[in-house]
Amino acid sequence: MTETRTDSIVGINWGSTNFRAYRIAPDAGIEDALEVAAGVATLDRDGMAALAHQVRTRWPQVEHVYAAGMIGSNIGWTDAGYVPCPADVAQVAARLVDVRIGTLDMKIVPGLACVRARDGAPDIMRGEETEFFGLLAAGRLGQAPVVALPGTHTKWVSVRDGRIAEFMTTLSGELHDRLSNGGALSSILRGPGQVGAAFADGVREGASGGLGLGALLFGVRARAIRQGLALEDASSYLRGLLIGAEIADARSVFGGFDAGPIPLVGSGPVCALYRAALEVLGESASIVPSQDAVAMGFVELDRCMAA
């Protein structure tokens with residue numbers, strides 16, 4: 001028999017660089033939040049314990065606490081392992097790891113691992129699985145066979161029968177950041193990049209299936225020097241190039257996106273770039289804020305534990 005929770009829970013999305021904790025109502029509404037630029041890559045164990053203590057003192061009455069992300073990795077508090085795909089929320093909930101960090105008892109969500117059918121390559125995720133299960137529980141998938149979670153390391157997730165079947169991770173966001181901060185392209189790049197004509201040109205070139213990404217990336221510099229690509233547009237062109245190539249890879253791996261708008265889960269500005277890129281290539285997309293999806297995901301995990 002399933003117990004219906006009437007009290008709030010705490011869900012923590014604890015990544016490499018950031019810590020986001022939410023007090024979540026039974027209906028998945030966010031009642032309060034604590035966000036700190038203090039990911040596990042920046043903290044020792046005493047630092048993690050101190051941050052966990054902030055959660056305990058901020059919400060002392062909350063009994064059920066869950067944490068997803070890099071806190072469950074080999075650089076986090078403990079390695080929570082990986083659940084093999086295909087996987088649903090119940091299978092993940094069955095593998096939650098009980099820990100005590102400082103004064104705070106919590107359950108850490110394991111990651112997911114897959115081997116893709118298209119190329120036989122392995123892949124892993126931590127944290128995004130909770131967002132996906134929230135999206136599924138909220139009925140925000142529609143008929144889409146693929147979900148994208150744009151970010152520093154974007155995930156493209158294949159959905160089958162309410163489960164994560166397999167997925168693909170790309171470094172597009174990290175590549176843009178690193179190329180902007182050093183190397184041959186940094187001197188011609190201005191700003192984060194935005195939707196516009198240069199961005200659309202980059203999307204088309206990246207998705208064209210011509211030269212490999214290494215040659216295309218250096219081509220950004222050549223275009224700026226020899227073909228009049230304005231410096232204020234170079235970053236937008238680079239963004240489009242990276243995202244276009246990524247979409248082409250996702251189409252190849254997952255066989256196209258023919259069943260409706262593709263849900264994009266993440267921060268608004270980054271998701272807006274991906275939606276614009278998909279529209280350039282004749283696709284449609286809808287945007288779901290990351291915190292909404294992750295809150296619903298933690299509620300779903302809690303419901304499984306109460307069952």
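These numbers were taken from a predicted model, which means no experiment stands behind them.
Residues M305 and Y66 meet the side-chain proximity criterion, which asks for heavy atoms closer than 4.5 Å. Using a 4.5 Å heavy-atom threshold, the side chains of V288 and L135 count as touching. Within the 4.5 Å cutoff, side-chain heavy atoms of M168 are placed close to those of F254. Taking 4.5 Å as the limit, every side-chain heavy atom of I124 sits out of range of all side-chain heavy atoms of L112. Residues R178 and L175 have side chains not in contact (no heavy-atom distance under 4.5 Å, counting atoms from C-beta outward). For the pair L43/W14, a side-chain contact is recorded, criterion being any heavy-atom separation below 4.5 Å from C-beta on. Under the 4.5 Å side-chain criterion, counting only non-hydrogen atoms from C-beta, V253 is not in contact with W156. Side chains of Q291 and R20 form no contact here, defined as non-hydrogen atoms less than 4.5 Å apart.
Scanning for ring-ring contact (aromatic ring centres under 6.0 Å, His included) contacts around W77 gives an empty result, with sequence neighbours left out.
Note on F218 and V220: separate hydrophobic clusters, where clusters join Ile, Leu, Val, Met, Phe, Trp and Tyr whose side-chain heavy atoms are under 4.5 Å apart, directly or indirectly. Hydrophobic clustering, with ILVMFWY side chains joined whenever heavy atoms are under 4.5 angstrom apart, groups V65 together with I71. If you chain together hydrophobic residues whose side chains sit under 4.5 Å apart, L273 and L242 never meet in one group. Residues L241 and I243 do not share a hydrophobic cluster, defined by chaining ILVMFWY side chains whose heavy atoms lie under 4.5 Å apart. No path of Ile, Leu, Val, Met, Phe, Trp and Tyr side chains, each step under 4.5 Å between heavy atoms, connects M106 with I24, placing them in separate hydrophobic clusters.
Closest heavy-atom contact between S235 and P192: OG-C, 3.5 Å. Closest of all the heavy-atom pairs between A87 and V83 is CB-CG1, 4.0 Å.
Side-chain contact of Y237 with D201: a donor-acceptor pair under 3.5 Å is absent, judged by distance alone. In summary, the side chains of Q194 and S236 do not present any donor paired with an acceptor at a separation below 3.5 Å, with no hydrogens or angles considered. In the model, T170 has a side-chain atom that pairs as donor or acceptor with a side-chain atom of E246 under 3.5 Å. For the residue pair S284 / E279, no side-chain donor-acceptor distance below 3.5 Å is found, with atom types taken as modelled. Counted by atom type alone, T169 and H153 present zero donor-acceptor pairs between their side chains at under 3.5 Å. Using a 3.5 Å distance cut-off with no hydrogens or angles, the side chains of Y274 and T154 do pair a donor with an acceptor.
Between the side chain of T57 and the backbone N or O of H53, at least one donor-acceptor pair lies under 3.5 Å. Counting only distance, with no hydrogens or angles, the side chain of D302 and the backbone of F298 share no donor-acceptor pair below 3.5 Å. R126 contributes a side-chain N or O that, together with a main-chain N or O of G72, makes up a donor-acceptor pair within less than 3.5 Å. R251 places no side-chain N or O within 3.5 Å of a backbone atom of A207 that could act as its donor or acceptor partner.
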I'd like to know whether M48 forms a side chain to side chain contact (heavy atoms under 4.5 Å, CB included) with V40, so could you lay out the CA-CA distance, the side-chain angles of the two residues, the decisive distance to 0.1 Å, and finally the verdict. CA-CA 7 Å; M48 294 180 205; V40 298; 4.1 Å; yes
Evaluation steps, side chain to side chain contact (heavy atoms under 4.5 Å, CB included), between I262 and V147: CA-CA 6 Å; I262 298 169; V147 177; 5.9 Å; no
Given side chain to side chain contact (heavy atoms under 4.5 Å, CB included), test V89 with T130 step by step and report yes or no. CA-CA 8 Å; V89 65; T130 305; over 6 Å; no
With side chain to side chain contact (heavy atoms under 4.5 Å, CB included) as the criterion, how do V159 and F132 come out once you've worked through the C-alpha distance, each side chain's angles and the decisive distance to 0.1 Å? CA-CA 10 Å; V159 184; F132 169 85; 3.4 Å; yes
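Screening residues 217-228 for salt bridge (charged side-chain N to carboxylate O under 4.0 Å, His left out) gives E205-R223 as the qualifying pairs, with residues at least two apart or on separate chains. Under the salt bridge (charged side-chain N to carboxylate O under 4.0 Å, His left out) criterion, the residue pairs touching residues 159-168 are R160-E166, with sequence neighbours excluded.
Remark: C114 SG to Y82 OH distance equals 11.5 Å, nearest 0.5 Å. S158 OG to F167 CZ: the interatomic distance, rounded to the nearest 0.5 Å, is 11.0 Å. Interatomic distance, D105 CG to D98 CG, rounded to the nearest 0.5 Å: 8.0 Å.
Counting non-hydrogen atoms of neighbouring residues, nucleotides and ligands closer than 6.0 angstrom, the CD atom of E232 exceeds 12 such neighbours.
Between S8 and the options E31, R23, Q61, a side chain to side chain donor-acceptor pair (under 3.5 Å) holds for only E31.
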